[in-house]
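Quick note on labels: first sequence line is chain A, next is B, and so on, each numbered from 1.
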Amino acid sequence: MVRIAIRTLLHSKGKLIGAIIGVAAAGTLIWAQIGLYFGFLSSSSAFITRTAGDVWVAARGHEVFDNGESLSAGTLARVSAHPCVARARGLVTDYVLLRKPGGGLTTVQVLGFDLSLASTTAPLMPWSLERGLPADLRAPGRIAVETLDLEKFSLSGDPLGAPLEISHDIVFIGALTRGIRPFTLTPYVFADLPLARRLVGVDHGQVTYWVLDLHDRGCAPSVVQSVAGDSELQAFESDTFARITQEYWVASSGIGTVLSFGALLALVIGMILIGQTLSAITRSHLRELGLLKAAGASGTEIVSFVAWQAAFLALTGSLLGALSALCLKQLLMGFGLSLILSPAVLGIGAAAVILMCAFASLGPIRMVLTLDAVEVLR
Amino acid sequence: VIALAAEIAPAARRYRRLLAMVLVLLAAALCVVLARRQSATKITVSPGQLETRIIARATVVPASGIARIRAPAPGTVRAVHVRSGDPIEKGSALFALAPDTADESAPLRSVLAPVSGTILSRLIHPGDTLAEPAGVVLFEIADLTHLEARVEIEESSASSIAPGQPLTLRRRGGGATLAERKLERVGPTLERRQIGSSDARVRAEGPVRPAWMTLAQPGGFVVGQEIEAVIALSPISAAAKLPRDAVRIEDGRAIVEVPGFVFSRHVPVSLGAADDQSVEVFGLEAGSQVLVRPAF
């Protein structure tokens with residue numbers, strides 16, 4: 001039956017190409033929506049995951065990474081008091097205004113970290129560089145900005161060494177990051193801790209977060225509990241803090257709903273398209289199927305006619321859809337959008353496409369099951 | 001899958017032209033990959049010296065300091081004899097002050113310049129009333145024929161500097177070289193930062209160690225000009241160093257591309273000191289090879 005099913009499908013070239021394009025387009029859209037969703041999740045909490053600490057300490061009442069409040073220098077001793085704490089790394093972040101060289105203001109998010117730790121045990125920050133090295137940011141007044149944001153800053157020519165006015169202070173581009181953009185697309189400005197403090201206007205020793213590296217990650221709940229006793233501070237395990245930030249930006253903002261709706265829409269349209277194609281092919285071969293039934297073909301054999309066609313469309317459409325999703329990923333990278341196509345995302349997308357084809361074949365299957373051979377052959 | 005393949009095989013024969021196009025495309029992609037592979041340059045990791053340095057903020061100051069003149073007594077300014085930028089000799093009159101007394105016939109008091117130099121700033125005008133003589137600076141005078149650069153070295157590098165170290169002065173942000181000198185004096189203690197001290201945000205930064213060197217005049221320097229000082233430290237010996245372009249920062253780690261038999265592979269390394277051309281790497285032995293790709 002597989003032979004007959006596939007040959008029949010290949011015979012109707014126009015319908016076949018239309019159906020494959022439909023499945024591929026639906027698959028691409030599904031993968032793109034799921035990939036973008038995971039991309040947004042990842043970029044909204046990228047700074048937390050890239051910093052790779054075990055516990056994050058913030059001011060009490062804190063909601064999300066991007067809206068931090070300053071902690072006094074004295075809090076360092078308090079957060080380091082737990083015997084499990086191996087090291088506390090200070091982080092400074094806030095939104096400030098940048099005056100573009102050609103005039104006009106734009107908001108940027110300053111991210112300050114201790115560069116002296118960069119070459120030892122902590123991950124390198126910024127974590128992806130197009131030009132320059134992290135150590136270049138130790139020179140006075142040096143910052144790193146995203147290559148994709150250079151246009152936003154109205155910079156032309158070689159950007160390395162170009163001056164920018166941030167918070168009424170003149171700073172210079174010392175390095176360029178590659179693909180580091182937040183969920184909100186507000187440009188990041190990476191700087192050494194003292195410069196970041198100056199730019200956001202906090203005192204020597206003050207930070208927005210203490211990132212704690214523990215001797216043993218297993219004692220993270222105990223450290224969080226001990227910080228909870230402090231009336232000014234609250235602590236989160238890194239995973240929890242990343243999840244809270246993701247929920248704040250992606251889930252609460254409604255972007256997850258929009259993307260889910262897009263994926264659902266793609267599923268429905270694909271299902272209708274494939275259902276129509278399979279129905280049309282089945283309808284045009286009802287006489288042959290009736291003949292087979294009259295000759296003694298079982299219901300399963302007749303159903304497999306439609307099932308094999310659906311499987312063929314699912315397979316070819318999925319492959320084409322996955323390929324175009326990979327191309328789309330490269331394209332979106334140029335715009336600074338992250339489309340994550342991990343094995344899990346590819347698996348979820350493939351399952352959705354198979355499900356879509358299975359549902360689309362229900363109508364044609366019902367048609368062949370209720371087929372009256374005598375009626376058709378009359 | 002086998003059954004499907006068997007079915008597709010006859011169709012494939014029918015779509016020979018399409019398959020040929022696909023094969024041509026694949027061949028073209030392979031050519032691009034090979035061309036990219038050829039464009040990479042092989043670099044050998046080698047031991048060598050690295051020119052380490054400290055980059056610090058600096059400012060141009062008068063070598064003999066700035067004389068700040070305050071009112072000798074309360075009173076009213078009757079006349080001011082100098083303006084900003086005027087040269088002045090020691091003992092010349094700066095302004096005339098009418099003492100704040102009930103006796104209207106009291107003589108005007110002439111305030112004289114304590115040093116020779118140039119008036120940097122004049123902050124009074126005729127008619128001004130000077131109520132708090134001790135606090136308010138009225139004039140700033142400095143000898144502009146002898147200038148020097150004051151360099152402020154961050155606390156973390158404070159112990160690395162000493163008189164005699166070669167130093168390059170350049171414009172801020174790594175601009176053009178302005179002068180090449182040697183450090184002449186180094187402050188014995190850490191001090192409050194002065195560069196940018198008019199900015200309230202100075203609290204955000206820790207103390208610095210000052211150092212000075214004389215500037216040739218006329219050298220195009222202006223008092224108050226902010227510049228950058230690059231202090232050369234003793235070169236260090238690196239067991240393995242690479243050109244900066246050979247190292248990429250990805251996913252929070254430094255990696256280099258090592259050639260393989262067919263495909264190259266990425267090897268994580270740790271970074272040490274760096275100068276303008278090279279960077280010290282740990283995790284690679286001298287003699288091993290890495291690929292450097294041209295930037296696209």
Tell me, side chain or backbone of [X] under 4.5 Å from chain A's heavy atoms, or both, or neither?
X: B:Glu228; value: side chain
X: B:Arg57; value: both
X: B:Ala273; value: neither
X: B:Ala56; value: backbone
X: B:Arg53; value: neither
X: B:Val279; value: side chain

>> Rounded at 0.5 Å granularity, tell me how far CG in B:Asp245 sits from CZ in A:Arg131.
In response: 9.0 Å

Could you tell me whether [X] atom [atom1] has more than 12 heavy atoms of other residues or ligands within 6.0 Å of it?
X: A:Lys100; atom1: NZ; result: yes
X: B:Arg171; atom1: CZ; result: no
X: A:Phe38; atom1: CZ; result: no

>> As an exercise: rank A:Ala196, A:Pro140, A:Gly179 by heavy-atom pairs under 4.5 Å with chain B and give me the winner.
In response: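 Result: the option with the highest number of such pairs is A:Pro140.
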
Electrostatic pair [X]-[Y], nearest N-O below 4.0 angstrom:
X: A:Asp136; Y: B:Arg244; result: yes
X: B:Arg248; Y: A:Glu130; result: no
X: B:Glu154; Y: A:Arg138; result: no

> What heavy-atom pair brings A:Ala139 and B:Ile55 nearest, and what distance separates the two atoms?
Replying inline: CB-CD1, 3.8 Å

>> Using the rule given for side chain to side chain contact (heavy atoms under 4.5 Å, CB included), can you reason through B:Asp251 versus A:Arg50, listing the C-alpha separation, both sets of side-chain angles and the distance that settles it, and then say yes or no?
In response: CA-CA 8 Å; B:Asp251 293 328; A:Arg50 296 291 183 171; 3.1 Å; yes

>> Would you say that B:Ile249 contacts A:Pro126 through its side chain, given a criterion of any heavy-atom pair below 4.5 Å between the two side chains?
In response: no

> With only heavy atoms counted, which part of A:Leu160 is less than 4.5 Å from chain B, the side chain, the backbone, both or neither?
Replying inline: neither

>> Is A:Arg178 in contact with chain B via its backbone, its side chain, both, or neither, using a 4.5 Å heavy-atom distance?
In response: side chain

